[in-house]
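Worksheet for the structure shown next.
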Amino acid sequence: MSKSKPHPSTPTRTTASAAERFARAVERFNAGQAAEAAALCEPIVQAQPGHAQAWQLLGMSRIVDGRPADALQPLRQALALQPRNTQLLCLLGTACSQSGQAQDAVAWFDQALAIEPGSADIWYDRGNALHALRQHDAALASFTQAVRIAPRHAHAWLNRGHALLALHRPDEAIASFERATDADPRQPRAWLALGEALEHARRLPDALACYEKAVALDADNADGWLKFGSVLQQLGRPDLALDRFRQAARRAPHSPQVLLGLAQALAKVEGPAAALAPLQQAHAADPANPAITLWLVDAMLKTSHWAGLPELFDEVLRMLRSGAAGTVTISTLAHPDASAEDLLTSNRALAIAESQVPGASVPPTPRNAAGRRLRLAYLSSDLRTHAVSHLMAGVFEAHDRSRFETFAFSTWPQADGSPERRRVQAAVEHFIDLHALGDGEAARLIARHQINILIDLNGLTSHGRPGILARRPAPVQVQYLGYPGTSGMPQIDYILGDRWVTPSEQAHAFSEHIVRLPESFQANDDARAIAPDTPSRTELGLPEHGFVFCCLNNSYKINPRMFDRWMKLLRALPQAVLWLLGDSETARQNLRAEAQARGVEPERLVFAQRRPYAQYLAQYRQADLFLDTLPFNGGTTVSDALWAGLPVLTQLGHTFAGRMAASLLDAVGLPELITRSADEYEALALRLAREPDALGALRQRLAANLATAPLFDTRRFTRHLERALEHMAARHAQGLPPESFDVADLPPAGAAAA
């Protein structure tokens with residue numbers, strides 16, 4: 001509504017006292033005292049029902065005073081006296097819009113436009129009413145007409161951008177927001193809107209500049225500081241993000257969203273323990289907020305803070321099953337009761353927002369595909385010091401360059417000169433950094449390279465870029481390795497698995513078509529080095545004598561049910577200890593307290609320190625048996641232990657994440673270490689601890705198998721992977737849709753390098 005003010009002049013027949021009262025009412029209204037202005041107008045219209053301006057001012061005052069429904073009657077009275085007054089028609093439209101009668105509002109604005117079609121303000125107000133009705137196409141047309149008439153109408157450009165966003169036209173929305181900032185560069189709302197649109201498009205450096213401008217213009221805007229911090233967090237600068245979140249918290253100390261952002265930065269800078277208090281405050285303030293609940297559970301699992309965890313698990317399960325989670329944390333896969341179907345429901349709902357982007361149709365087969373090598377690209381933020389690179393580096397090197405032209409598209413936001421990154425760069429033919437590009441621009445760049453198959457190595461992990469995949473830059477798109485579960489995205493054609501992690505009876509729990517590799521889903525690098533020097537038990541804090549159970553999985557994979565079983569083992573084996581990864585003093589203290597509460601001396605829990613990769617592998621030589629976790633198995637950690645010669649005991653779960661270790665054990669020739677129940681898991685652990693000959697035989701067999709087992713034959717795995725990729729590409733080239741299939745096994749004798 002354009003805030004036109006009534007003229008203080010009065011009709012001819014108005015008495016002097018009425019004129020004075022009306023003049024005072026105008027003064028009060030102009031001074032922002034709408035209630036007082038209304039009170040002065042009421043006796044005027046009672047005494048003089050023909051006083052059109054008093055009726056108008058009374059209606060305007062009630063709108064400004066937050067009583068739009070009460071404004072309708074006086075405004076209609078004024079209109080009856082001045083039927084061609086477009087300002088009155090617009091005021092009626094505004095009052096209807098604000099009182100929830102948007103359809104009536106549009107009708108009033110249409111009447112005003114019939115009288116004054118060249119008014120940009122009326123077109124703008126009409127657009128707002130249509131936007132409220134979710135008639136976004138019509139709203140867009142109104143806003144567009146407003147800016148044609150008044151190209152410097154900043155508010156019309158701003159709301160035009162919002163209509164375009166609602167229509168899933170983000171690039172045009174960004175352009176409209178930019179015009180709003182050009183028209184009024186001192187309007188913080190426009191900078192915030194532009195920043196949000198750029199952030200959603202993953203143009204993070206540009207979004208950062210917008211938020212910086214917004215808080216410079218309005219330093220008291222907590223939302224601006226919150227968004228500023230959020231982008232810094234996504235750019236891999238939690239230290240700088242923390243300062244911005246603290247600025248937001250000074251202005252809105254009880255805001256659940258501010259507390260969530262503060263907690264996420266604290267978790268990165270100071271550790272998960274520092275995040276607990278703000279997350280608990282946020283959850284108390286907004287217990288129905290799925291993101292807050294999920295991040296609180298994440299922090300509790302990472303710090304082994306289990307008080308109240310069962311109740312929160314119940315909350316999370318309801319959110320997953322309703323599709324209301326709206327976000328994902330990797331620890332969601334550690335939920336003890338979430339089924340594969342629950343995860344599909346949640347992830348599919350999450351994928352919908354990413355899928356509503358332009359350009360999501362399947363690209364044609366790249367030109368001359370039959371006469372050239374298949375162009376194979378990997379998309380990942382983890383081509384650096386990360387588990388994904390530890391597993392995949394050998395595969396990148398082993399690809400057959402006579403058949404495949406290999407690309408790596410990196411999305412990690414920070415410079416990384418690590419040996420792992422350098423190795424990946426040397427292994428692929430084209431290494432391209434995408435981190436500074438928005439999703440649309442990154443997708444267009446990938447498409448320009450005419451990629452045949454794009455493999456996403458992130459999935460639903462912290463720095464994943466589902467918005468790139470949603471734009472369909474490649475005709476065949478595959479999920480693999482980084483996220484052990486379904487993406488829920490319709491634009492992902494395939495997921496790579498095997499008979500263990502993606503059994504045929506669970507096909508309905510995946511949005512992708514399943515491709516089963518013949519031996520194990522997991523790539524491994526048979527060139528990874530283990531430090532030759534083994535640290536002594538004393539150096540590692542372990543007892544010189546006694547049985548060492550080991551689990552160096554991340555703390556968030558340990559839940560109370562699993563821990564109960566482990567403590568039963570320790571109570572049954574007085575000389576045994578449990579060697580865990582304790583990343584924080586809080587987690588260590590909490591786990592020791594939980595052990596004591598279960599009748600186990602706290603000192604029988606020993607905590608490992610993080611070490612360089614080769615040294616980390618060497619320390620496994622001092623353990624006797626690795627105890628895997630459920631429902632979220634170790635993946636890289638389990639293959640690390642096996643590679644170092646340590647047998648692993650697992651229990652088969654019901655999800656991809658809970659079946660990974662079974663796949664690895666089968667592929668390394670130790671299937672008897674796959675148990676099917678918690679009782680069987682506990683009994684076998686106890687037997688192996690009490691029967692050193694049985695455990696020794698397993699160790700000897702593992703040592704003998706390392707050189708020949710398919711799990712650690714990188715070239716053989718790569719040939720199987722290439723067979724899968726060629727079949728996918730051939731189906732697409734023939735115009736056939738994706739379908740699930742099993743990859744044929746290579747002959748075992750001397751054919752791994754064929």
Side-chain angles (χ1 to χ4, degrees), residues 272 276 279 283 290 292-325 327-347 460 483-486 500-501 503 506 509 549 551-569 578 580-581 587 590-591 593-595 597-598 626-635 637-638 648-662 674-685:
L276 267 176
L279 284 169
H283 186 259
I292 292 171
T293 303
L294 286 169
W295 281 104
L296 176 57
V297 169
D298 184 76
M300 291 171 72
L301 287 171
K302 287 177 178 175
T303 57
S304 303
H305 180 98
W306 294 340
L309 190 58
E311 295 78 10
L312 284 172
F313 273 147
D314 289 344
E315 286 183 39
V316 170
L317 196 58
R318 286 193 294 271
M319 292 171 182
L320 295 176
R321 289 177 175 172
S322 67
T327 188
V328 69
T329 63
I330 194 68
S331 61
T332 304
L333 298 174
H335 194 297
D337 299 311
S339 67
E341 291 81 4
D342 294 332
L343 296 170
L344 173 63
T345 298
S346 177
N347 294 350
L460 299 175
Y483 179 79
T486 184
W500 289 100
V501 295
Q506 283 194 4
F549 289 113
C551 180
L552 300 189
N553 289 348
N554 283 304
S555 299
Y556 62 80
K557 296 186 179 183
I558 303 172
N559 61 50
R561 297 180 198 175
M562 194 87 254
F563 198 72
D564 286 342
R565 294 286 175 173
W566 291 349
M567 293 306 100
K568 284 182 69 177
L569 291 171
L578 178 59
L580 301 171
L581 179 65
N590 285 339
L591 286 169
E594 294 288 347
R598 290 163 174 79
F626 189 109
L627 297 176
D628 192 24
T629 48
L630 192 77
F632 196 166
N633 293 171
T637 316
V638 166
V648 174
L649 175 66
T650 193
Q651 179 186 339
L652 189 66
H654 302 289
T655 66
F656 191 126
R659 303 171 71 90
M660 295 187 292
I674 305 167
T675 65
R676 267 70 176 178
S677 71
D679 287 343
E680 185 187 353
Y681 174 94
E682 182 186 328
L684 185 52

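Worth saying up front: this structure is predicted, and the values here are computed from it rather than measured.
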Let me confirm one number: the CG-CG distance from Leu309 to Asp314, rounded to the nearest 0.5 Å. 10.0 Å
First locate atom CG of Leu627, then atom CH2 of Trp566, and finally report the distance between them rounded to the nearest 0.5 Å. 6.5 Å
Any idea which heavy atoms bring Gly635 and Lys557 closest together, and the distance? N-NZ, 4.2 Å
Without swapping roles, check the side chain of Ser555 against the backbone of Leu581 for a donor-acceptor pair under 3.5 Å. yes
How many angstroms lie between atom CG of Asp298 and atom CG of Leu276, to the nearest 0.5 angstrom? 10.0 Å
Determine, step by step, whether Leu649 and Phe549 satisfy the side chain to side chain contact (heavy atoms under 4.5 Å, CB included) criterion, reporting the C-alpha distance in whole Å, the side-chain angles of both residues, the deciding distance to 0.1 Å, and the verdict. CA-CA 10 Å; Leu649 175 66; Phe549 289 113; over 6 Å; no
Pro631 and Pro336 have their tightest heavy-atom pair at CG-CA, 3.8 Å
Please report the shortest heavy-atom distance between Ala338 and Thr655, naming the atom on each side. O-CG2, 3.8 Å
Which heavy-atom pair separates Ser346 from Ala325 by the least distance, and what is that distance? OG-CB, 3.6 Å
Do Tyr483 and Leu333 have side chains that approach each other closer than 4.5 Å (heavy atoms only, starting at C-beta)? yes
Examine distances only and state if a side-chain atom of Thr629 and a backbone atom of Phe632 form a donor-acceptor pair shorter than 3.5 Å. yes
Going by atom types alone, do Thr650 and Asp628 pair a side-chain donor with an acceptor below 3.5 Å? yes
Check the angle between the aromatic planes of Phe563 and Trp306 and answer parallel, tilted or perpendicular using the 30° and 60° thresholds. perpendicular
Can you find a heavy atom in the side chain of Thr293 that is under 4.5 Å from one in the side chain of Leu312? yes
Report yes or no: does Arg598 contribute a side-chain atom to a donor-acceptor pair with the main-chain N or O of Glu594 at less than 3.5 Å? yes
Atom pair OG1/CD of Thr486 and Glu341 - distance to nearest 0.5 Å: 11.0 Å
Are the side chain of Glu680 and the backbone N or O of Gln651 linked by a donor-acceptor pair below 3.5 Å? no
Regarding Asp342 and Thr345, do their side chains bring together a donor and an acceptor under 3.5 Å, going by distance alone? no
Can you measure from CE (Met660) to CG (Asn633) and round to the nearest 0.5 angstrom? 5.5 Å
If you compare all heavy atoms of Asn590 against all heavy atoms of Thr303, which two are closest, and at what distance to 0.1 Å? ND2-O, 2.8 Å
Under a 3.5 Å distance rule, please check whether Thr332 uses its side chain to pair with a backbone N or O of Thr329 as donor and acceptor. yes
Atom CG of Asp337 and atom CG of Leu317: how far apart are they, to the nearest 0.5 Å? 6.5 Å
Just by modelled atom types, is the Ala299 backbone N or O under 3.5 Å from a matching donor or acceptor in the His305 side chain? no
Can you find a pair of side-chain heavy atoms, one from Tyr681 and one from Met562, that are under 4.5 Å apart? yes
If we only count heavy atoms from C-beta on, is the Met567 to Leu578 side-chain gap below 4.5 Å? yes
Side-chain donor/acceptor of Asn559 to backbone N/O of Arg561, under 3.5 Å: yes
Is it true that a side-chain atom of Arg659 and a backbone atom of Gly653 form a donor plus acceptor pair closer than 3.5 Å? yes
Side-chain ion pair, Asp679 and Arg565, N-O less than 4.0 Å: yes
Which atom of Ile674 lies closest to which atom of Ala662, heavy atoms considered: CD1-O, 3.4 Å
Pair Leu294-Val316, side chain to side chain contact (heavy atoms under 4.5 Å, CB included): steps then yes or no: CA-CA 7 Å; Leu294 286 169; Val316 170; 3.7 Å; yes
